[in-house]
Amino acid sequence: MVDQQTAPPSNKKEEKKKSVLNKLQEITPDKDEQVALIGVAVRLGIVIWSGFCLTLAYIDIPGFAKQTFDPTFIASIFTSTLTTFGVQAASKKGGNGITKEDMQKMMAANQASAGAGEQIIRVQTPIKIQSPDGGEIQQVVQAPAKIDPITGKEIDPITGQFK
């Protein structure tokens, strides 16, 4: 008889391909952390995409046609996504357009003139004058009462209902 060699049965276990979600579950079993990792990956993808689009708008790369679009929208996406990572554009002025030196000068000038009869006034309707320390209130002008033309009744200025 002819010796026939038979191949031994294959003990290869078919390794199932791991999806991104399965790999993510191996990294961290906590659902909140998985969602946070996905969020970071999406934001990072947006930063890379918008950075690439901005690069194409300003630089002529061999092999790519230079794009002729207004990159303002993509720049706003780029900067707003970077701020979610804590990166902010440097500015010489503060958020209100006043430098630190300007603010210090104004504060010094205000302190110097504090004894010169300067007051803070709060305006309300009806107009009332009240001192900053909560002193005496003096009513100066009262708003005229409004009368409903149909019923002839007086209208409350705060609630808008008949008195």
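- A donor-acceptor pair is defined here as one N or O able to donate and one able to accept, closer than 3.5 Å; such a pair exists between the side chain of S19 and the backbone of N22.
- Nearest heavy-atom pair, D70 versus T72, reported as atom, atom and distance to 0.1 Å: OD1-OG1, 2.8 Å.
- For residues 39-57, every residue pair satisfying the side-chain hydrogen bond (donor to acceptor under 3.5 Å, both in side chains) rule, not counting sequence neighbours, is listed here: R43-T84.
- Expressed to the nearest 0.5 Å, how far NZ of K31 lies from CD of Q25 amounts to 5.0 Å.
- Heavy-atom minimum distance, A57 versus F69: CB-CZ, 3.8 Å.
- Of the residues listed (L82, V47, T81, T79), the one engaging V87 in a side-chain contact (heavy atoms from CB on, under 4.5 Å) is L82, and it is the only one.
- Across all their heavy atoms, I77 and I46 have their closest contact at CG2-CG2, 3.7 Å.
- Atoms CD and CG, from Q161 and D156 in turn, are 7.5 Å apart once rounded to the nearest 0.5 Å.
- With rounding to the nearest 0.5 angstrom, the OH atom of Y58 is 12.5 Å from the SG atom of C53.
- Between F162 and T151, the closest side-chain pair of non-hydrogen atoms falls below 4.5 Å.
- Note that CD1 of I155 and CG of D148 are 5.0 Å apart. Values are rounded to the nearest 0.5 Å.
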Using a 3.5 Å cut-off and no angle test, enumerate the donor-acceptor pairs between side-chain atoms of residues 32-42 and protein atoms at least two apart in sequence or in another chain.
| from | atom 1 | to | atom 2 | distance (Å) |
| --- | --- | --- | --- | --- |
| E33 | OE1 | T28 | OG1 | 2.7 |
| Q34 | NE2 | T28 | O | 2.8 |

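- The nearest pair of heavy atoms linking F85 to L44 is CZ-N, 3.9 Å.
- When the shell of 6.0 Å around NZ of K163 is examined, it contains more than 12 heavy atoms from other residues, nucleotides or ligands.
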